[in-house]
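One structure below.
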6 protein chains.
Amino acid sequence: MTSTILRTDFEKSVAAYWNTHRNDPVNLRLGAVDDLYHHHYGVGPYDPTILDGPAEDREQRIIAELHRLESAQADLLLDHLGPVAPGDLVLDGGSGRGGTSIMANQRFGCEVDGVSISEYQVGFANEQAARRGIADKVRFHFRNMLETRLPGNTRQAIWTNETTMYVDLFDLYAEFARLLRFGGRYVCITGCANDVTGLRSKAVSRINEHYTCDIHPRSQYFKALAANGLVPINVVDLTAATIPYWELRARSEVATGIEESFLTAYREGSFHYLLIAADRI
Amino acid sequence: MTSTILRTDFEKSVAAYWNTHRNDPVNLRLGAVDDLYHHHYGVGPYDPTILDGPAEDREQRIIAELHRLESAQADLLLDHLGPVAPGDLVLDGGSGRGGTSIMANQRFGCEVDGVSISEYQVGFANEQAARRGIADKVRFHFRNMLETRLPGNTRQAIWTNETTMYVDLFDLYAEFARLLRFGGRYVCITGCANDVTGLRSKAVSRINEHYTCDIHPRSQYFKALAANGLVPINVVDLTAATIPYWELRARSEVATGIEESFLTAYREGSFHYLLIAADRI
Amino acid sequence: MTSTILRTDFEKSVAAYWNTHRNDPVNLRLGAVDDLYHHHYGVGPYDPTILDGPAEDREQRIIAELHRLESAQADLLLDHLGPVAPGDLVLDGGSGRGGTSIMANQRFGCEVDGVSISEYQVGFANEQAARRGIADKVRFHFRNMLETRLPGNTRQAIWTNETTMYVDLFDLYAEFARLLRFGGRYVCITGCANDVTGLRSKAVSRINEHYTCDIHPRSQYFKALAANGLVPINVVDLTAATIPYWELRARSEVATGIEESFLTAYREGSFHYLLIAADRI
Amino acid sequence: MTSTILRTDFEKSVAAYWNTHRNDPVNLRLGAVDDLYHHHYGVGPYDPTILDGPAEDREQRIIAELHRLESAQADLLLDHLGPVAPGDLVLDGGSGRGGTSIMANQRFGCEVDGVSISEYQVGFANEQAARRGIADKVRFHFRNMLETRLPGNTRQAIWTNETTMYVDLFDLYAEFARLLRFGGRYVCITGCANDVTGLRSKAVSRINEHYTCDIHPRSQYFKALAANGLVPINVVDLTAATIPYWELRARSEVATGIEESFLTAYREGSFHYLLIAADRI
Amino acid sequence: MTSTILRTDFEKSVAAYWNTHRNDPVNLRLGAVDDLYHHHYGVGPYDPTILDGPAEDREQRIIAELHRLESAQADLLLDHLGPVAPGDLVLDGGSGRGGTSIMANQRFGCEVDGVSISEYQVGFANEQAARRGIADKVRFHFRNMLETRLPGNTRQAIWTNETTMYVDLFDLYAEFARLLRFGGRYVCITGCANDVTGLRSKAVSRINEHYTCDIHPRSQYFKALAANGLVPINVVDLTAATIPYWELRARSEVATGIEESFLTAYREGSFHYLLIAADRI
Amino acid sequence: MTSTILRTDFEKSVAAYWNTHRNDPVNLRLGAVDDLYHHHYGVGPYDPTILDGPAEDREQRIIAELHRLESAQADLLLDHLGPVAPGDLVLDGGSGRGGTSIMANQRFGCEVDGVSISEYQVGFANEQAARRGIADKVRFHFRNMLETRLPGNTRQAIWTNETTMYVDLFDLYAEFARLLRFGGRYVCITGCANDVTGLRSKAVSRINEHYTCDIHPRSQYFKALAANGLVPINVVDLTAATIPYWELRARSEVATGIEESFLTAYREGSFHYLLIAADRI
């Protein structure tokens with residue numbers, strides 16, 4: 001059965017990456033702050049005073065601040081989700097360790113299905129939901145978001161939080177168009193290559209190699225949305241808002257070495273951090 | 001020669017409307033405030049204290065405030081135009097009496113070509129440029145923005161300020177794609193029908209009839225942009241920001257009677273006031 | 001369940017319009033002539049002698065003549081339906097009070113399903129079928145013609161008699177392509193805007209407002225047909241043939257006030273009355 | 001220079017066919033009746049009495065009748081050309097020996113350019129125009145209608161009278177869209193394969209072989225029109241109207257042997273004789 | 001039930017052709033050599049020495065050699081099928097008398113479903129499978145390959161061996177895309193018209209008439225593949241390799257008369273014999 | 001003027017790469033063998049005996065062998081160029097130091113224009129042509145192959161030898177379609193990502209970073225060709241044929257460090273080395 005969830009060598013290597021990178025401190029230590037485990041980046045300025053003060057817990061302050069910025073990013077995403085009622089069903093496409101899904105349930109009371117091709121992450125996230133006593137409302141599935149097997153025309157909202165660089169966008173939005181109710185909302189936060197500076201830069205290729213991913217150009221998002229009845233209502237360039245997160249992370253012990261590639265790519269303009277909110281018609 | 005600029009009965013009736021509505025106080029009296037004549041609406045909250053104080057110049061205070069909101073809207077549009085250098089060429093598509101064109105020249109020092117199918121407006125706007133001594137930099141042409149006859153690959157930026165409801169968007173963006181340099185910017189502020197509430201509502205039909213225009217659904221904008229190499233970088237829903245303008249205008253002597261249709265359409269959600277900024281690739 | 005039939009505010013307002021305009025004499029008094037209740041217009045010249053003669057039953061003669069022209073229009077539509085056998089299934093998309101459906105059953109002996117988003121109309125039409133004893137053959141359903149839930153590949157013929165201005169044509173013809181058998185026939189009679197005169201005129205906007213509808217340009221029909229495997233075999237411009245109907249109706253007591261807008265639109269050429277017959281391939 | 005007009009082996013063989021079939025009596029003898037030389041077929045019932053009477057000039061009566069039906073066909077085509085003023089320019093795409101071009105000039109007084117890839121036909125047609133003293137108004141060019149080299153946006157009307165089976169329709173209508181003024185009219189009379197009966201039948205293949213042509217399915221016409229901004233306003237199935245012409249021709253001495261293939265194809269329904277009138281938008 | 005398998009007159013005439021041409025020696029006598037009955041042509045040089053030697057069994061040597069070349073063609077097709085495991089399911093689209101299906105089972109041990117619209121051929125092929133004791137692995141169905149009713153996402157490989165000239169390629173590849181697993185392989189051997197020499201030549205029309213088929217231009221294959229997620233990995237022009245087969249066949253008693261048309265078409269370059277191998281993505 | 005040739009930061013960085021990597025021994029030392037300077041890889045097995053024999057000129061033997069394989073690759077490309085006459089014009093898209101251009105002139109006697117965005121390479125290649133006395137026949141231009149400014153409809157053949165990973169394929173093939181005569185030939189040799197294994201692998205991302213390029217998936221080539229009237233006639237998977245070149249190069253002193261990424265990518269199947277020959281229609 002696994003073989004139909006992981007269709008390609010690429011998907012298998014992505015799954016293997018996340019199944020084996022279980023102990024990356026940048027995810028675990030930040031998640032431990034308040035048990036919301038994220039697999040995305042942050043937005044907003046950091047508090048520079050955390051760099052001052054006693055050295056012994058300086059790293060701890062940085063960790064807490066990075067985590068605050070990541071949760072702020074998830075909150076920003078949820079701000080664009082439109083009205084979601086307690087009985088509504090929503091989907092988290094590429095749900096990682098479940099952080100955003102849990103926050104959505106907390107905010108709206110809605111039911112959440114998260115899907116991920118990392119069997120390890122699915123297990124981890126389901127444990128989180130169980131520990132919070134919301135396993136009946138927030139469920140994580142070992143499934144491919146290109147083929148969720150969820151019933152069509154049922155979702156009031158869907159989001160992808162930095163997961164679209166692992167899939168073909170036309171396939172993805174065809175599946176989301178099938179799942180969303182007429183008038184439902186899709187929100188995407190993603191890094192994307194800037195068509196205006198040309199094809200992918202060296203820095204973007206380094207990020208692709210680091211995460212075994214395949215960052216799309218910005219234009220591809222709008223073509224794939226238009227082809228699948230998803231109409232933007234808000235598009236926000238978050239590039240300037242995410243740079244502080246990377247600057248702080250670069251100074252932290254949890255830095256993974258990819259920080260400079262992100263900072264170079266954002267600063268040279270070859271890469272955007274973008275939020276897109278779109279309606280299903 | 002006129003006949004090739006005005007190709008259809010529809011265009012002729014639009015031109016006739018603007019050629020003959022020369023004395024609409026909502027345009028003339030507001031423009032007289034500081035000699036920037038606008039043909040678009042405003043954004044931002046109005047100062048409620050203007051409604052207090054002596055009745056004899058209350059209307060004058062309303063006029064000034066409406067004009068301030070309209071100029072704020074034009075400023076917002078120009079904020080999204082990206083870097084424009086003094087030597088750059090830009091285009092104002094549907095330039096009316098020239099207000100936004102003159103503001104662009106003032107801000108960036110760039111050269112502006114404005115086109116309009118109202119021969120009267122073109123004359124009026126050129127007089128304004130002459131009086132300001134910038135006629136060599138800011139030029140208005142009696143031409144159709146679907147066929148500007150300007151040389152291709154020359155424009156650093158193009159905008160349309162509430163003029164796209166008079167034309168086919170695919171034809172328009174094909175022409176703009178021809179004119180813009182690679183990496184150039186297009187900014188659009190427009191009212192558009194909300195696909196999510198269905199086809200055009202009664203209120204939207206009344207606006208169509210009032211202005212002899214043909215308001216497009218939001219989806220049409222994104223399809224036509226995607227088909228012509230124009231990639232959004234910012235999309236802002238200005239609906240809430242424009243309602244105060246209409247509320248104030250409804251209380252003014254320059255109200256034309258269409259105010260209630262706008263307020264109804266915006267409040268029932270069948271109509272958006274949208275800003276789109278997109279890059280030419 | 002209603003909520004999934006009426007997906008948008010637009011559809012709700014259309015349904016409300018027809019649910020509440022129950023007593024419009026233009027529909028009821030004409031239908032009473034022979035118990036065929038139409039919700040479309042007529043074609044062919046009227047007999048001018050009906051305007052002569054005694055004043056007391058002049059209006060009655062006009063009513064009968066208008067009704068005759070409407071039935072002639074429905075007959076013309078059925079003339080283009082191709083060979084339909086008694087066992088065949090056909091669909092009336094937007095069936096109103098059921099007039100054309102009943103005529104089709106009378107002519108071909110076929111089974112007819114009519115769908116309408118006006119629950120009132122569905123009830124009225126089903127009563128008509130019951131009274132005629134053909135309820136097993138002619139059925140009306142409270143459903144959206146964009147999503148009929150009828151089994152695919154079953155219909156020998158489908159028609160829409162002046163109902164396409166309430167829906168997106170690409171969605172509609174995708175559903176019809178699903179329903180029609182290979183080689184089945186689709187017939188459409190509709191008013192449409194003339195692309196050649198430009199976008200919708202003031203008169204067309206008035207009609208849109210009056211009926212809460214959204215008249216499509218002619219080009220949209222042929223694009224949507226081509227995209228859905230529906231190939232025209234006959235296209236007839238009925239504009240000249242329908243003008244007499246409106247002229248007569250304008251002189252009648254059942255005039256609703258919209259007559260002048262139709263006459264203006266037809267005469268200025270901004271509006272066509274069109275019949276399209278197309279085959280499913 | 002010839003080599004750029006005749007781009008393919010197919011075009012060369014078509015040109016060779018018409019350059020060498022100079023003496024086909026079906027064209028020459030009919031043309032000799034009144035010096036209007038046609039290369040298309042006829043419509044309308046023939047007068048059965050011509051078959052009676054003295055045998056010695058029976059064939060002559062048949063010839064005259066066939067010619068009358070062909071001229072009636074050309075008249076029908078011109079009936080759909082819309083208003084054409086004396087100063088207007090029109091194009092005859094695949095002009096043969098010039099019959100329809102001359103009739104258009106006679107009826108409207110307009111200027112006609114005819115193009116053909118048969119150098120022989122161009123010479124013949126120009127001689128006809130010279131003899132009638134209208135060579136300044138009616139001009140024939142040895143050119144490919146896929147690439148006329150005529151200036152764009154200049155034609156009020158264009159027609160093709162049974163010539164589209166020699167070219168790719170998408171290429172053809174792209175060229176016609178370039179040539180036609182906004183709102184200009186295109187009229188096509190053609191035989192086309194019926195998609196509903198499947199792909200081309202044996203009888204249609206025989207016609208293809210006979211004329212070295214490549215008859216398109218009906219669907220291809222409407223796809224190519226829709227892709228090039230050409231919107232139908234009238235479509236007429238002339239199949240029943242053209243069968244008498246073929247029946248009469250089959251009984252004549254000028255029969256070429258292809259008559260039975262046409263009659264079979266028309267009667268079995270695998271082939272249509274179609275008129276399409278469309279507007280350029 | 002037959003009526004839904006044979007949807008059009010064209011399909012009915014194709015089925016009738018193959019149902020009644022049961023005794024064509026070119027198929028039966030060649031198949032009798034080793035009980036592999038083919039309905040396609042051959043590739044590779046023939047052994048010229050077979051033409052020498054005793055006249056009494058010269059024809060027998062020719063037959064054996066023609067059959068060898070046809071089997072070589074089927075082998076070449078199977079060479080491009082990629083890795084196929086014993087448990088895999090494959091499809092033979094237009095399976096004729098079953099030759100290639102049986103060879104695929106012999107080579108790979110896979111399960112084969114063959115579909116054909118000739119009920120006679122289906123029966124014949126199933127008898128062959130039964131006689132070889134592989135009826136549980138190799139099954140032939142009286143079905144239309146445009147609508148196989150086989151479950152989606154199940155086929156490791158699909159081929160069409162000279163059968164695509166009977167169907168619309170877009171419809172066909174949509175069905176194949178539905179059936180193939182991600183990464184599955186499609187192989188096509190077909191004759192196709194050469195776009196470069198223009199539309200179909202006389203010789204190609206004669207082949208169309210002979211087989212009641214409708215040979216597609218080469219471009220159509222690549223458009224239809226691209227539109228359906230089928231990506232070429234090998235394309236081989238087999239024209240030169242198939243000419244010897246036709247030259248030998250022309251000298252044989254089993255020649256059907258169509259040999260000269262093939263030889264003319266191939267030699268004049270208006271016709272290709274092409275192999276395409278493509279992956280489903 | 002440079003600024004319009006180098007439109008994007010990406011193009012500038014590509015140009016900078018090739019302008020500054022002037023002394024890469026892998027290009028210069030191999031080119032010195034016989035003054036044919038290549039910027040592409042090789043095909044075919046290498047002679048294993050070159051690794052034996054005296055150590056002092058072992059490297060020299062490897063260099064000569066690598067150069068032989070690169071020239072073999074260029075010869076293979078030219079084998080697919082179709083008939084090219086001495087008077088014909090051809091284009092080398094991304095001409096590097098001119099090796100393939102000079103070989104084409106030597107073989108066909110045709111005139112060659114090469115374009116490159118590396119001003120240094122253009123100068124180097126023109127010097128080579130001058131030294132050979134063929135500067136009137138073989139010309140190199142500092143231009144972007146997306147916008148060659150060469151006259152349309154003039155090229156009998158165009159090739160790209162490992163240069164398409166630097167540009168958008170749709171833009172490229174639109175330009176090539178403009179330049180090629182009807183029936184002209186395009187040949188591409190390129191590395192491309194394998195859609196079947198998913199998106200780009202880590203190894204492919206490393207190649208992208210190394211060369212500042214952006215390797216396209218295989219599917220993109222066939223979509224872009226189909227969209228621009230370029231129809232494949234031969235597609236050859238050269239992956240197995242190029243692996244020996246990389247194995248030998250990995251053992252040479254001129255190895256640049258990227259060899260292992262190529263070998264990994266080819267062997268794991270995430271990357272193809274592909275030749276495509278296509279005709280302009």
Side-chain angles (χ1 to χ4, degrees), chain A residues 3 5-17 117 144 146 163-172 192-220 223 227 258 260-261 264-272, chain F residues 3 5-17 117 144 146 163-172 192-220 223 227 258 260-261 264-272:
Chain A
S3 64
I5 290 166
L6 303 174
R7 304 182 307 171
T8 65
D9 292 349
F10 178 82
E11 289 175 357
K12 282 168 200 157
S13 66
V14 172
Y17 179 91
I117 60 171
N144 196 320
L146 297 179
T163 60
T164 44
M165 59 287 293
Y166 292 110
V167 295
D168 179 275
L169 295 178
F170 284 82
D171 289 349
L172 183 70
C192 57
N194 183 3
D195 304 81
V196 172
T197 56
L199 301 177
R200 295 169 188 84
S201 68
K202 272 183 193 296
V204 171
S205 287
R206 276 195 296 271
I207 300 171
N208 276 340
E209 194 208 338
H210 183 85
Y211 290 102
T212 321
C213 70
D214 198 3
I215 291 162
H216 304 293
R218 178 160 44 108
S219 58
Q220 198 75 350
K223 281 185 201 163
I258 197 59
E260 279 314 310
S261 296
T264 299
Y266 283 138
R267 286 172 182 155
E268 76 189 10
S270 66
F271 196 52
H272 296 296
Chain F
S3 64
I5 290 167
L6 304 174
R7 302 181 310 171
T8 66
D9 291 349
F10 178 82
E11 290 176 355
K12 284 170 198 152
S13 67
V14 172
Y17 179 90
I117 60 171
N144 196 321
L146 298 177
T163 59
T164 46
M165 57 288 291
Y166 292 111
V167 296
D168 180 275
L169 295 178
F170 285 83
D171 290 350
L172 183 69
C192 59
N194 182 3
D195 304 81
V196 172
T197 57
L199 301 177
R200 295 171 188 82
S201 68
K202 272 185 193 298
V204 172
S205 287
R206 275 195 297 272
I207 301 171
N208 276 340
E209 194 206 339
H210 183 84
Y211 290 102
T212 322
C213 71
D214 197 2
I215 291 163
H216 305 291
R218 177 158 49 106
S219 59
Q220 197 77 350
K223 282 186 200 161
I258 198 61
E260 278 314 309
S261 296
T264 299
Y266 283 137
R267 288 172 181 155
E268 76 188 9
S270 65
F271 194 53
H272 296 297

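Letters A, B, ... mirror the listed sequences (proteins, then strands); counts begin at 1.
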Quiz item: What residue, out of F:S201, F:S205, F:G198, has the most heavy-atom pairs lying under 4.5 Å from chain A?
Solution: F:S205
Self-check item: Distance (rounded to the nearest 0.5 Å) between A:T8 OG1 and F:L199 CG
Solution: 7.0 Å
Quiz prompt | Reference residue A:R200; test side-chain contact (heavy atoms from CB on, under 4.5 Å); the match among F:D214, F:N208, F:I215 | solution = F:D214
Practice problem: Measure A:V167 against the heavy atoms of chain F and call it side chain, backbone, both or neither at under 4.5 Å. | Solution: backbone
Practice problem: Enter the distance from F:C213:SG to A:K202:NZ here, rounded to the nearest 0.5 Å. | Solution: 8.5 Å
Quiz item: Is it the backbone or the side chain of A:T212 that comes under 4.5 Å from a heavy atom of chain F, or both, or neither?
Solution: both
Quiz item: Just one of A:N194, A:V196, A:T197 clears the side-chain contact (heavy atoms from CB on, under 4.5 Å) bar with F:D9, so which one?
Solution: A:T197
Self-check item: Partner chain F: residue of A:M165, A:E268, A:R206 with the largest heavy-atom pair count (under 4.5 Å)
Solution: A:R206
Quiz item: Tell me, side chain or backbone of F:V204 under 4.5 Å from chain A's heavy atoms, or both, or neither?
Solution: neither
